[in-house]
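Notes follow once the structure below has been shown.
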Amino acid sequence: MASGTKEDLTLDPTTAHPLLEISQDRKEVKCGTFPKDVPAGLRRFDTANCVVAEQSFRAGRHYWDVSVGRKRRWNLGVVSDSAERRGRLIRRKYWLPWFGEDCIKGYWLIGYDVQKAGKPYWAFDTHPMPFDCSHRPETIRVCLDYEAGEVSFYGADGSNNFTPLYSFYHAEFKGTSVYPLFDPCWHDKGGNTDPLKIL
């Protein structure tokens, strides 16, 4: 579970949504109130409140820890360098015979949303789906095994206390670089302003 290299990640401001505020040491990110006047570009998120790390991986096993605290909403995981960053990551389907949602390809994320009563934890690849979690961890460990195509998440509250949360198997990285992704979500009018912190 913790095999591989623990990565010392830093956030890449050039990819951050204009509402995001990044700490001086580039270890923390939160949603601000007013958008910044920043250059647009294909590598910058323009709709989802996301930012990626400056570091990327094309081989090996890696892991990193993120403090989510008691935030009301957040999303974490990895994104392929080839994935689209413009527009919504989760799109609603309105056509018959069903109504549902899908996600842009190239993202492997889990998230928490206190507003989703009964099922606050969700996994997002091409199809979002809820998963069970018996407790609410304040620290999340993200583990990437590039060659195996696996992205796994653990509750990591305590040095020897790791609880499996969710795993993606057979992720199709297709030889492209993947980046750690951080989404502190909307500030919820002051209710969700705590940062995500890379530990």
Side-chain angles (χ1 to χ4, degrees), residues 1-13 15-16 20 22-23 25-30 45 48-71 73-83 85 89 103 105-112 120-125 128-129 131-185 194-199:
M1 181 275 301
S3 62
T5 303
K6 182 174 183 180
E7 300 297 337
D8 183 18
L9 302 180
T10 49
L11 300 169
D12 183 355
T15 68
L20 295 185
I22 296 173
S23 64
D25 64 0
R26 299 188 180 182
K27 293 287 189 179
E28 301 182 15
V29 59
K30 65 180 181 179
F45 293 92
N49 279 4
C50 296
V51 60
V52 300
E54 294 179 303
Q55 296 77 16
S56 63
F57 309 108
R58 295 189 68 163
R61 296 179 177 181
H62 314 268
Y63 70 93
W64 52 95
D65 294 335
V66 184
S67 172
V68 298
R70 305 300 285 180
K71 283 180 63 63
R73 291 197 289 158
W74 52 264
N75 299 303
L76 294 171
V78 300
V79 57
S80 169
D81 188 40
S82 63
R85 298 185 185 182
L89 303 188
C103 303
K105 291 183 179 180
Y107 289 80
W108 297 272
L109 313 174
I110 67 166
Y112 176 83
Y121 286 92
W122 285 70
F124 306 90
D125 52 2
M129 60 179 296
F131 65 89
D132 294 322
C133 181
S134 60
H135 71 299
R136 186 177 174 183
E138 296 190 12
T139 300
I140 306 295
R141 174 162 291 186
V142 185
C143 300
L144 168 68
D145 185 334
Y146 191 97
E147 281 77 15
E150 295 181 7
V151 185
S152 298
F153 302 85
Y154 299 83
D157 294 338
S159 58
N160 295 308
N161 183 19
F162 298 100
T163 305
L165 299 177
Y166 194 87
S167 293
F168 295 103
Y169 300 105
H170 311 297
E172 296 183 7
F173 301 140
K174 297 181 179 179
T176 61
S177 297
V178 294
Y179 288 82
L181 180 142
F182 306 84
D183 178 4
C185 295
D194 290 342
L196 295 174
K197 301 178 183 179
I198 301 171
L199 301 177

Checking ring pair (Phe, Tyr, Trp, His ring centres under 6.0 Å) between W108 and each of F173, Y169, Y146, which is the one that passes?
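Between W108 and the candidates, ring pair (Phe, Tyr, Trp, His ring centres under 6.0 Å) is satisfied uniquely by F173.
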If you take all heavy atoms of [X] and [Y], which pair is closest and at what distance?
X: K71; Y: P195; value: CD-O, 3.8 Å
X: L76; Y: I140; value: CD1-CB, 3.9 Å
X: A53; Y: Y179; value: O-CD2, 3.3 Å
X: T176; Y: S80; value: OG1-OG, 3.0 Å
X: Q55; Y: P180; value: O-CD, 3.4 Å
X: S167; Y: S152; value: OG-OG, 2.7 Å

Rounded distance (nearest 0.5 Å) linking atom [atom1] of [X] with atom [atom2] of [Y]:
X: K105; Y: D125; atom1: NZ; atom2: CG; result: 11.0 Å
X: L11; Y: L181; atom1: CG; atom2: CG; result: 10.0 Å
X: D157; Y: H135; atom1: CG; atom2: NE2; result: 5.5 Å

Whether the side chain of T15 engages the backbone of V52 through a donor-acceptor N/O pair (distance < 3.5 Å, no angle test) should be reported.
yes
A side-chain contact here means heavy atoms from C-beta on lying under 4.5 Å apart; do [X] and [Y] qualify?
X: C185; Y: N49; result: no
X: F45; Y: L20; result: no
X: V68; Y: L196; result: yes
X: W64; Y: L144; result: yes

Plane angle bin for F131 and Y121 - parallel if under 30°, tilted between 30 and 60°, otherwise perpendicular
tilted
With a 6.0 Å cut-off on the ring centroids, do F124 and Y107 count as close?
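That pair fails the under 6.0 Å test.
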Establish, yes or no, whether a centroid distance under 6.0 Å links the rings of Y166 and F153.
no
For [X], does the [atom1] atom have more than 12 heavy-atom neighbours from other residues, nucleotides or ligands under 6.0 Å away?
X: H170; atom1: NE2; result: no
X: K27; atom1: NZ; result: yes
X: K30; atom1: NZ; result: no

Using the salt bridge (Lys or Arg N to Asp or Glu O under 4.0 Å) rule, collect all pairs that involve residues 160-172, keeping only residues at least two apart or in two chains.
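Qualifying pairs: E172-K174.
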Look at K6 together with D65 and state whether they make a salt bridge at an N to O cut-off of under 4.0 Å.
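Looking at D65 together with K6, the answer is yes, because their closest N to O distance falls below 4.0 Å.
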